[in-house]
Structure formats: structure tokens, C-alpha cells
Protein chains: 2
Amino acid sequence: MEKEVTIYDIAKILNLSPATVSRALNDHPAINSKTKLSIANTAAELGYRSNTFASNLRRKSTSTLGVIVPRLDSSFMSAVLAGMEEVANKAGYNLLISQSLESQGKEKSNAKTMYNSRVDGLLVSLAYDTEGFDHFENFVKKRVPVLFFDRIFDHSECATIVIDNEKAGYDVTSHLIMQGCTHILHVTGNLKRNVYIDRLSGYRKALEAHGIAFDEAWVLETDLSREAGKAAVDYMEKLPVRPDAIFVANDICAISCIQELKQRGYRIPEDIAIAGFNNDPVSQVVEPSLTTVYYPGKEMGAIAVKTMINHLTGTSDIDPANSVVLQSELLIRDSSRKLQREARN
Amino acid sequence: MEKEVTIYDIAKILNLSPATVSRALNDHPAINSKTKLSIANTAAELGYRSNTFASNLRRKSTSTLGVIVPRLDSSFMSAVLAGMEEVANKAGYNLLISQSLESQGKEKSNAKTMYNSRVDGLLVSLAYDTEGFDHFENFVKKRVPVLFFDRIFDHSECATIVIDNEKAGYDVTSHLIMQGCTHILHVTGNLKRNVYIDRLSGYRKALEAHGIAFDEAWVLETDLSREAGKAAVDYMEKLPVRPDAIFVANDICAISCIQELKQRGYRIPEDIAIAGFNNDPVSQVVEPSLTTVYYPGKEMGAIAVKTMINHLTGTSDIDPANSVVLQSELLIRDSSRKLQREARN
DNA sequence: CTGTTAGCGCCTTCAA
DNA sequence: TTGAAGGCGCTAACAG
């Protein structure tokens with residue numbers, strides 16, 4: 001290992017003080033631009049690189065944001081991360097990313113790591129089964145800002161970035177009803193999570209608004225996996241009345257439903273209409289194409305980081321007052337165009 | 001901001017020296033186990049957390065690996081990252097992740113950031129148009145290990161993790177030939193990148209092995225985007241002889257070809273067989289389902305990190321001798337089952 | 001505009 | 001088995 005060049009080396013060569021070198025390197029306004037130039041030059045010549053630790057140690061701030069997501073390998077999450085990375089990178093922040101694999105235990109241990117790594121702020125989307133806020137309490141205590149996105153936790157000191165899941169659920173359900181569907185099965189995820197309980201609530205309200213009775217038996221709580229799709233079809237076939245639509249809370253599972261239904265001889269949407277959620281790339285490719293909800297993942301990531309950085313740089317606070325509700329959008333595709341299809345036949 | 005607890009606070013309380021506390025906290029063997037215990041206890045009580053920077057500054061090592069990928073929002077990459085994160089996390093390493101957005105410029109600036117952040121090791125998959133190794137030279141000089149995966153750079157001091165792209169390309173092409181195809185268009189990516197040039201080379205060898213002449217006009221270099229899929233179909237229609245198969249170097253573009261071809265009235269695979277690459281989730285959903293190559297992304301990520309950590313902990317070197325070639329696998333699906341289809345008709 | 005000084009919190013010789 | 005002391009490289013007062 002070659003020895004590292006420090007600001008002292010530069011200072012000695014140019015007959016300056018280390019402080020001046022430090023300031024010049026940080027583009028401090030009160031430094032002569034010629035001095036800056038010569039410092040920059042010799043720094044480059046010597047192959048100097050600033051020592052982030054020393055700087056962090058001194059300044060008591062990393063320029064790093066921690067991110068905890070349920071899974072890295074989902075198209076939605078990778079869109080979010082892409083958005084985050086872009087904004088963070090531009091603002092000179094690094095991202096420390098980890099996944100909870102949908103497990104509360106791993107989420108807790110990840111939070112601990114982030115805490116010890118002294119991230120400047122923490123961005124979290126909760127795991128499937130997380131309960132309680134304990135593992136983030138440390139951050140709040142030390143006044144490290146925590147921001148939740150997508151799968152959030154309501155807390156008086158945390159901002160949140162979400163879409164209006166209830167409205168989205170309402171819109172999807174209303175749309176299905178407008179297509180003539182009256183028996184709509186809702187396949188959802190863990191109802192501890194806002195995203196699912198809110199979509200359910202929208203589903204329910206839409207039913208009631210159209211004079212359709214809500215029935216708990218028509219709500220199926222699953223893990224929204226591919227396998228859950230098949231199980232949902234099994235469940236559906238056992239219902240006393242055959243549904244004429246299924247509203248699934250994500251696309252992956254919705255598509256698995258479509259495939260399973262097709263295999264069992266159902267026509268979509270004639271026999272059963274399907275709607276998903278997220279606008280996952282597969283939703284456009286499946287046949288019939290899947291009616292779904294556009295979820296602005298990349299924007300969500302970008303705004304989450306922006307909000308965080310604004311707070312860190314003192315522009316704003318990180319409490320619920322700064323929460324954002326992003327716009328989602330119903331995308332009507334073939335899997336639910338029921339009236340039109342029948343009219344055509 | 002509450003003030004942080006340090007080893008000095010603990011030392012004072014227990015009437016010990018900071019040195020002892022430091023050693024105890026690091027489980028140094030030469031410390032009385034009772035002392036260790038009491039130190040651990042008061043540390044916990046006080047909510048002590050070690051200061052990574054101070055420690056890093058002193059020890060000159062982070063426990064952080066840098067990762068530079070072309071894009072975060074691809075299903076392949078997110079699988080890789082998921083694999084990386086799992087292994088890194090278990091071994092107590094953090095991941096600093098950034099994306100080059102397929103631009104050499106951003107890749108360079110990311111490399112610089114990583115360099116300044118003093119990552120212990122760097123894991124890279126190259127951007128589309130990267131040329132030269134300059135931006136990694138610093139790492140080599142400072143003996144920071146650099147490992148390439150997927151889109152690699154051959155360098156005498158870097159290990160690489162890849163699949164056998166040439167063999168995979170050969171297998172796909174042979175398969176198409178076995179289906180009776182003799183005019184196979186190859187739609188590929190930037191031939192600067194090993195993955196594409198190697199697949200092309202496999203394509204070429206397969207043709208020649210089966211007595212089919214290779215013709216440059218039948219190789220189309222694109223950016224493999226969705227748009228490129230349409231352009232490829234345009235290109236195809238202008239060829240003097242109509243192809244009976246298209247081998248596309250990724251699934252996204254292959255699927256766009258399928259959709260475009262279907263729209264123009266081609267039957268797949270009867271008129272034209274299609275094969276893709278990566279086993280992207282969409283490949284199973286499109287109709288007809290897409291013949292493709294299973295690419296072990298998660299394993300690749302896991303092994304990349306494992307190799308890196310082995311090196312860092314002194315178990316092995318990071319030079320090409322430790323490179324790994326992972327197994328890929330041809331997945332034959334409906335988009336290329338030509339003989340069978342025709343037999344059935 | 002530049003220099004002096006004094007740590008940030010930790011680890012690691014060296015000495016006991 | 002423990003302590004004393006110095007320094008990792010940088011920055012932020014405070015002074016000029």
C-alpha cells in the first residue's frame with residue numbers, strides 16, 4: 001500500500017497551511033482563486049484523494065443515506081432505487097442499500113447496521129410483517145431523520161411518501177363495476193401494511209358507493225406471490241357465487257391468476273375481468289394485457305431523497321407536514337374491457 | 001443532537017482506560033472476561049455505538065464494497081444486487097451502490113466517488129460505451145481490488161465473474177438451426193462489450209459448424225431497447241432474404257420484436273422463430289413464450305461478493321486466476337418450437 | 001485572504 | 001492483563 005497523500009503534503013510543497021489547502025479543496029469562497037488553482041493542480045499531480053473518514057469524523061456527518069427495502073429484485077423497487085440514486089448522486093450523497101427480504105428480523109438488523117454506519121438519514125419501505133417502531137426509535141432519539149415510502153409507518157416525527165392507495169383501489173373497483181362486474185374478488189397482501197389495507201378500503205367504498213354489499217369472504221389475504229395467484233383461483237372456484245372480476249393488489253400475482261384462469265378454460269375478460277396494480281412491465285406483455293395502476297416508482301424514489309436532502313440541508317423539516325402523496329393512474333387494458341368485448345361479439 | 005457516548009465515557013464510569021474499553025469492545029483476547037462483561041453492559045446501558053469513522057480513520061479500512069452497475073432498474077441487475085446484498089450483509093460488509101446509466105462519463109465519476117469513499121473493494125459491470133481502464137487505474141495502484149462481473153474488462157489484476165456467453169450464443173443458434181432455421185438474424189448490443197461480442201462469436205461458430213455462411217449483414221448492432229426491437233423488424237423486412245429466425249441478445253428487445261412481428265401479421269414461430277437472452281420474467285409471460293437463456297444473476301452477485309471478501313480477508317487473490325464462469329442454460333419455449341408446430345399442423 | 005490550534009473517537013505500539 | 005500517549009487526516013473556531 002503506497003502511503004496516502006494528505007493536505008499536509010500539499011501544504012508543505014506550496015508553503016501554505018493545511019487549513020488553506022482544506023478550504024481551497026472545498027471551494028471555500030474566502031480563498032484566492034489563484035491559490036485555489038495551484039492547490040488543485042498539485043493535488044491532482046500528487047494523486048491526492050480526500051479522506052472521507054477524517055472529514056466525517058470531524059464534521060460528524062457522513063454524506064450517506066441508508067435505504068431499507070423489502071426486496072431488491074422487484075421491478076417496482078428497482079425503479080424507486082434508480083430514482084433515488086440519481087438524485088442522491090447529483091447532490092453528492094451516497095446510498096447504503098439493504099433489503100429486509102420481507103422479514104422483520106432482517107429489517108431490524110439492517111436498521112442497526114445503518115445506525116452504526118451513522119447514515120445521515122434513513123429511507124425505509126417496511127417489510128411484510130413488521131410490527132412496531134422500536135428499531136427506528138434510536139434514529140428519532142438521535143434526531144437522525146427517518147422517512148418512509150410506499151409501505152409506511154405513521155409516526156409523528158417521520159415524513160412519508162405514498163400514493164393515494166385508497167383512491168387507486170376505489171378507481172380500480174369502480175372501473176370494474178362500470179364494466180358490469182358485480183362480484184369482485186379482491187386478492188390482497190398483508191393487511192398490516194398501509195398499501196394493502198388502503199386499497200382494500202377503496203375497494204370497499206367503491207362497492208358501497210355502487211350499492212354492492214361488502215363481504216369479507218370476497219377478500220383474500222395472501223403473500224401476492226405467483227403461487228398465491230394459483231391459490232386464489234382455487235379459492236375463487238369454491239366461492240358460492242362465481243366472481244366476474246378479480247382485483248389483485250399487485251401485477252405479479254394478477255398475471256399468475258390470468259395464466260391459471262386461461263389454463264382452466266376461462267375467457268378473460270368475458271368470463272372474468274382482471275385488474276392488477278403497479279404497472280409492472282409484464283402487465284403489458286401478458287395476453288390479454290392487464291388493467292393496472294401506474295405507480296410512479298422512480299418519482300417516488302427521487303422525491304424521497306429530495307425531501308430527505310432538503311431536510312438535511314436545513315431547507316425543511318422531516319415531519320409529517322412534509323409528506324407527499326404522489327399521483328397514480330388507472331391504466332385500462334384488455335383484461336377488463338368487458339362491455340366493449342361483449343358489444344363487439 | 002444528543003452527544004454521542006464514546007469509549008472515554010465508558011472508561012470513566014468503570015475507572016478503566018479507554019484502551020481497555022476499546023480492546024474489550026473488539027473482543028481482544030488479552031482482556032479479562034469479567035472486565036469485558038462489565039464493559040459490554042455499561043456500553044449497552046449508555047446506548048454506546050462505535051464510531052465507524054474514527055475506527056476507519058485509524059484502521060484505514062471501511063467495511064464497504066462499492067458497486068457500479070449500468071442500470072438499477074433491470075430485472076437482471078436487481079437479481080445480481082439481491083445476491084450481493086445477501087452475502088455482503090452476512091459477512092458484515094456494506095454495499096455502496098451506484099449506476100452509470102450506461103454512460104462512460106457517469107461511470108468514471110462514480111468510480112471517483114467510490115475511490116474517495118475508500119471502499120475496500122469495487123465490483124463493476126461496465127456501461128455500454130466504456131472504453132479504457134483509466135478510471136480504475138487508481139484502484140489498482142492503491143491495491144484496492146477491482147472485480148468485474150457480466151460486462152467485464154480483461155485486466156491482469158482483476159478477477160471476473162461471467163457466464164460462457166460464447167457457448168450460450170452457440171447453443172441458442174444451434175437450437176434454431178435444429179428447428180430448421182437457416183436464415184438467422186442476430187440482433188445484438190454494443191460489440192465493445194464482451195457479452196455481446198462473445199454471443200456473436202457463438203452465433204457465428206454455430207452457423208459455420210452447420211455449414212451456413214456467416215454474413216455481416218445479418219448482424220444488427222443496436223442498444224437492445226424496446227425501440228430497437230421495432231427497428232430490428234424494419235431492418236429485417238429490408239433484407240434480400242426474409243429470415244426464418246431472430247436471435248436477440250436480450251429479452252426486452254426480443255419481446256418487442258415479437259410484439260411488432262405479431263402486429264405485422266407474422267406467425268411466431270411458424271414464420272419466424274425468436275430467441276432472447278436472460279430469462280427475464282416477461283419471457284414467460286409473452287405469447288408465445290420466449291425461448292431464452294437462463295442467466296444466474298443472483299448467483300453471480302453472490303459469488304462476486306464472496307470472491308471479493310475472500311480476497312479481502314486474505315483467503316485468496318483477486319487476479320484472473322480467481323475468475324469464475326457460471327453455468328447458464330438454454331430454455332426452449334414456444335417462440336422457437338418450429339418443427340413440432342409444423343408437424344402438428 | 002491565510003495561519004494557528006485544537007480536537008473529532010478510535011486503535012496500537014510501548015511500557016508496566 | 002491493563003494503562004499512557006500519540007496520531008490517523010481533516011475542519012472549524014479564532015486570530016491575524
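Owing to the predicted nature of the structure, the values given are computational and were not obtained by experimental measurement.
Separating the CG atom in B/Leu122 from the CG atom in B/Asn138 is a distance of 11.5 Å, to the nearest 0.5 Å.
In the set C/dT2, D/dA12, C/dC10, C/dC10 carries the atom at the smallest distance from any side-chain atom of B/Thr6. Here D/dC10 is the nucleotide among C/dT4, D/dC10, C/dC11 with the atom lying nearest to any side-chain atom of A/Tyr8. Checking C/dT2, D/dA5, D/dC8 against every side-chain atom of B/Ala19, the shortest atom distance belongs to D/dA5. Considering only the side chain of A/Ile7, D/dC10 comes nearest among C/dT12, C/dT4, D/dC10. Side-chain proximity of B/Ser22 to C/dC11, D/dG9, D/dT2: nearest is C/dC11. You'll find that the side chain of A/Ser55 is closest to D/dC10, out of D/dC10, C/dG3, D/dA12.
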Distance-only donor-acceptor hits, side chain of residues 78-90 of chain A, under 3.5 Å, sequence neighbours excluded:
residue, atom, partner, partner atom, Å
A/Ser78, OG, A/Ser74, O, 3.1
A/Ser78, OG, A/Ser75, O, 3.2
A/Glu85, OE1, B/Gln99, NE2, 3.3
A/Glu85, OE1, B/Lys106, NZ, 3.0
A/Glu85, OE2, A/Asn89, ND2, 3.2
A/Glu85, OE2, B/Gln99, N, 3.2
A/Asn89, ND2, B/Asn110, OD1, 3.0

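One interatomic measurement links the two molecules: CG of B/Asn26 to P of C/dT12, which rounds to 8 Å at whole-angstrom precision. Here the C1' atom of nucleotide C/dT2 and the CG atom of A/Leu14 are 14 Å apart, to the nearest Å. Protein atom CG of B/Asn51 is 9 Å distant from nucleotide atom P of C/dC11, rounded to whole Å. Protein atom CG of B/Asn15 is 13 Å distant from nucleotide atom C1' of D/dT2, rounded to whole Å. For the pair B/Arg58 CZ and C/dT12 C1', the interatomic distance rounds to 5 Å; values are reported in whole Å. Between B/Ile31 atom CD1 and C/dC11 atom P the separation is 12 Å, expressed in whole Å. Rounded to an integer number of Å, the gap from B/His28 NE2 to C/dT12 P is 9 Å. For the pair A/Leu25 CG and C/dT2 C1', the computed distance is 15 Å after rounding to whole Å.
Side chain B/Arg23 to base D/dG3: a donor-acceptor pair is found below 3.5 Å.
Using the six-membered ring where Trp is involved, B/Phe153 and B/Phe133 have ring planes that are tilted, between 30° and 60° apart. In this pair, A/Phe53 and B/Phe53 present their aromatic rings parallel. The plane angle is below 30°, not in the 30 to 60° band.
Of the listed residues (A/Lys108, A/Lys112, A/Glu107), just one forms a side chain to side chain donor-acceptor pair (under 3.5 Å) with A/His135, and that residue is A/Glu107.
Checking the phosphate oxygens (OP1, OP2) of C/dG9, a side-chain nitrogen or oxygen of A/Lys60 falls inside 4.0 Å.
When only modelled atom types and interatomic distance are considered, B/Tyr295 and B/Asp150 share a side-chain donor-acceptor pair under 3.5 Å. For the 3.5 Å distance criterion, the side chains of B/Thr52 and A/Ser117 fail to qualify, holding no donor opposite an acceptor.
Applying a 4.0 Å cut-off to non-hydrogen atoms, the residues of residues 32-43 of chain B that approach DNA chain D are B/Asn32, B/Thr35, listed by residue number.
Ranked by how close their nearest DNA chain D nucleotide is to the 5' end, A/Tyr48 and B/Ser17 are led by B/Ser17.
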